[in-house]
Amino acid sequence: EVQLVQSGGGLVQAGGSLRLSCAASGFNHDDYTIGWFRQIPGKEREGVSCISMSDGVKYYDDSVKGRFTISRDNAKNTIYLLMNNLRPEDTAVYSCATDAALWVCTKRTIKKPYDYWGQGTQVTVSS
């Protein structure tokens, strides 16, 4: 059974940094893609970034490009989202998700349905 366990998040002032982690279990291979998403109450969930665990191919939404960095540690089956230069509009609940399949991350494909989700973590950026 695939499980995703998140850590990190919290409260930070604008311009600050936070790092999120998402540890995946239930995999005995690297042939899957995993992503980070965020949601503000009352708004549609937004795909922030995703990465292929096999070859590290990455995608970033335009709203975070140049500020957020997604990375992976295959030995730990963990992905990270380093968020720099945070803005109040980055405030949201952040979640990682995967459908346990390998695919190329793009602006279109990140919107696909996912089978497995992390528990979500609040990121709050004060102005």
Side-chain angles (χ1 to χ4, degrees):
E1 177 73 16
V2 173
Q3 289 189 328
L4 303 177
V5 178
Q6 296 177 222
S7 59
L11 173 65
V12 67
Q13 287 188 330
S17 299
L18 285 172
R19 190 179 81 157
L20 306 180
S21 301
C22 175
S25 60
F27 288 103
N28 59 3
H29 57 82
D30 294 333
D31 295 331
Y32 64 99
T33 298
I34 189 166
W36 285 103
F37 303 82
R38 64 187 182 187
Q39 189 161 24
I40 302 168
K43 292 194 174 182
E44 194 173 319
R45 185 168 55 224
E46 176 183 28
V48 173
S49 180
C50 49
I51 188 168
S52 162
M53 293 298 282
S54 62
D55 58 11
V57 173
K58 306 170 186 178
Y59 160 81
Y60 296 98
D61 184 78
D62 288 343
S63 64
V64 305
K65 203 173 291 183
R67 300 187 299 123
F68 290 12
T69 302
I70 192 170
S71 61
R72 76 198 200 283
D73 183 335
N74 290 71
K76 296 181 180 179
N77 268 354
T78 298
I79 66 165
Y80 305 94
L81 187 69
L82 176 61
M83 305 181 290
N84 292 325
N85 193 18
L86 281 160
R87 304 167 179 168
E89 55 264 38
D90 294 318
T91 296
V93 174
Y94 285 71
S95 301
C96 55
T98 184
D99 61 350
L102 182 65
W103 40 274
V104 177
C105 280
T106 67
K107 190 175 185 68
R108 181 183 61 83
T109 60
I110 198 172
K111 297 177 183 179
K112 68 187 308 188
Y114 293 86
D115 299 313
Y116 307 100
W117 288 87
Q119 76 272 26
T121 186
Q122 178 69 44
V123 170
T124 303
V125 185
S126 63
S127 57

Side-chain heavy atoms of [X] within contact of [Y], under 4.5 Å:
{"X": "Val125", "Y": "Glu89", "result": "no"}
{"X": "Ile110", "Y": "Asp61", "result": "no"}
{"X": "Trp36", "Y": "Phe68", "result": "no"}
{"X": "Thr109", "Y": "Tyr59", "result": "no"}
{"X": "Cys105", "Y": "Ile51", "result": "no"}
{"X": "Glu46", "Y": "Ser63", "result": "yes"}

Main-chain N/O of Thr33 paired to Thr98 side chain as donor or acceptor, under 3.5 Å: yes
Parallel, tilted or perpendicular, as decided by the 30° and 60° cut-offs, for the rings of Tyr32 and Phe27: parallel
Note: Lys65-Asp62 ion pair, threshold 4.0 Å (strictly below): yes
Salt bridge present between Asp30 and Arg72 (N-O < 4.0 angstrom): no
Lys112 atom NZ, over 12 foreign heavy atoms within 6.0 Å: yes
Atom of Ile70, atom of Tyr60 and distance for their closest heavy-atom approach: N-OH, 2.8 Å
Step-by-step side-chain contact (heavy atoms from CB on, under 4.5 Å) determination, Met83 to Val64: CA-CA 8 Å; Met83 305 181 290; Val64 305; over 6 Å; no
